[in-house]
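What you see is a predicted model; the values in this text were computed from it and never measured.
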Amino acid sequence: MDASILPALGLGFLLGLTHALDADHVAAVGTLVSETAGLRRSSLLGASWGVGHSASLLAAGVVVLGLRLAIPPRLSAAAELAVGFMLVGLGARAIWSVLREKRLHWHAHEHGGARHLHLHAHGVSDRATHDHNHPFPLQRRPFLIGCLHGLAGSGPLTLLVLGTLSSPLAGLAYLGLFSLGSIAGMSLLSGLL
């Protein structure tokens, strides 16, 4: 591999890091992280999402590089639509989770002689805590959501870069570094969330 490709590979890693900040990625992982306690678990969740995202992006990249194909616009649009439905579903699930965990009621009290009502919530969760270890920390749901995201949106745009690189090996190296950046960026972001 030619040394002149190194700046493109470095750019691939940096683009992968920033790719994790795409609004649809943050929305998806943010709803998943809201159900997770702890920095370690949240970071692993983000890494699982990133591995899924990278797996589908790498698979598509191998097909594009190996067969010299372009991703059909209809397939890209279908993946985008699927991501949209998934985001709506994740949002609905997050709202349902909050409503299920809280007992809402009106609460009356008085301030400075003025009596008023406001909505008040009490936690009613009696579910057991999830405090056991799993032998394989890669979580299935974030992984699958990441896979779908890897097929939609800017994933196909990333594959366009592959056509400008000097060789299929350089293209795979670019995708690998982009993927590592994406995994690292989402792991850091989910840990922060």
Side-chain angles (χ1 to χ4, degrees), residues 11-36 41-101 136-165 168 171-172 174-193:
L11 180 63
F13 181 77
L14 291 174
L15 289 175
L17 276 173
T18 60
H19 183 70
L21 299 176
D22 284 0
D24 59 329
H25 300 164
V26 174
V29 173
T31 59
L32 296 171
V33 168
S34 70
E35 302 170 2
T36 305
R41 283 189 179 166
S42 295
S43 295
L44 282 174
L45 185 145
S48 296
W49 182 96
V51 169
H53 183 277
S54 298
S56 62
L57 188 59
L58 285 169
V62 167
V63 169
V64 166
L65 287 170
L67 301 177
R68 304 259 184 225
L69 295 175
I71 295 173
R74 290 181 64 125
L75 176 62
S76 182
E80 285 282 349
L81 184 61
V83 167
F85 282 127
M86 180 199 55
L87 288 173
V88 169
L90 286 172
R93 182 168 188 239
I95 291 169
W96 175 251
S97 177
V98 167
L99 293 175
R100 185 185 60 193
E101 294 292 320
F136 187 60
L138 188 69
Q139 299 168 356
R140 183 177 38 241
R141 191 167 41 126
F143 176 82
L144 293 174
I145 291 170
C147 284
L148 183 56
H149 274 268
L151 292 176
S154 55
L157 295 177
T158 301
L159 296 177
L160 292 176
V161 173
L162 298 179
T164 66
L165 296 174
L172 287 176
Y174 175 86
L175 278 177
L177 286 168
F178 180 90
S179 295
L180 287 175
S182 183
I183 293 167
M186 190 50 73
S187 183
L188 289 169
L189 177 66
S190 62
L192 288 171
L193 290 173

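Rounded to the nearest 0.5 Å, atoms OG1 (T31) and CG (L87) are 7.5 Å apart. Of the inter-residue distances, the one linking L144 atom CG with W49 atom CH2 reads 13.0 Å to the nearest 0.5 angstrom. The distance from atom CG of L45 to atom OG of S187, rounded to the nearest 0.5 Å, is 9.5 Å. Annotation: the span from I183 atom CD1 to L17 atom CG amounts to 11.0 Å, rounded to 0.5 Å.
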side-chain contact (heavy atoms from CB on, under 4.5 Å) between L148 and I145, worked out: CA-CA 5 Å; L148 183 56; I145 291 170; 5.9 Å; no
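A distance-only check finds no donor-acceptor pair linking the side chain of S182 to the backbone of F178 [under 3.5 Å]. Between the side chain of S179 and the main chain of L175, a donor-acceptor pair closer than 3.5 Å is present. Looking at S190, its side chain does come within 3.5 Å of a backbone N or O of S42 through a donor-acceptor pair. Looking at S48, its side chain never comes within 3.5 Å of a backbone N or O of F143 through a donor-acceptor pair. Between the side chain of H25 and the backbone N or O of M186 there is no donor-acceptor pair closer than 3.5 Å.
Contact detail for L57 and G150: the closest heavy-atom pair is CD1-O, 3.9 Å. Taking all atoms of both residues into account, the shortest heavy-atom contact from H53 to H149 is CD2-C, 3.7 Å.
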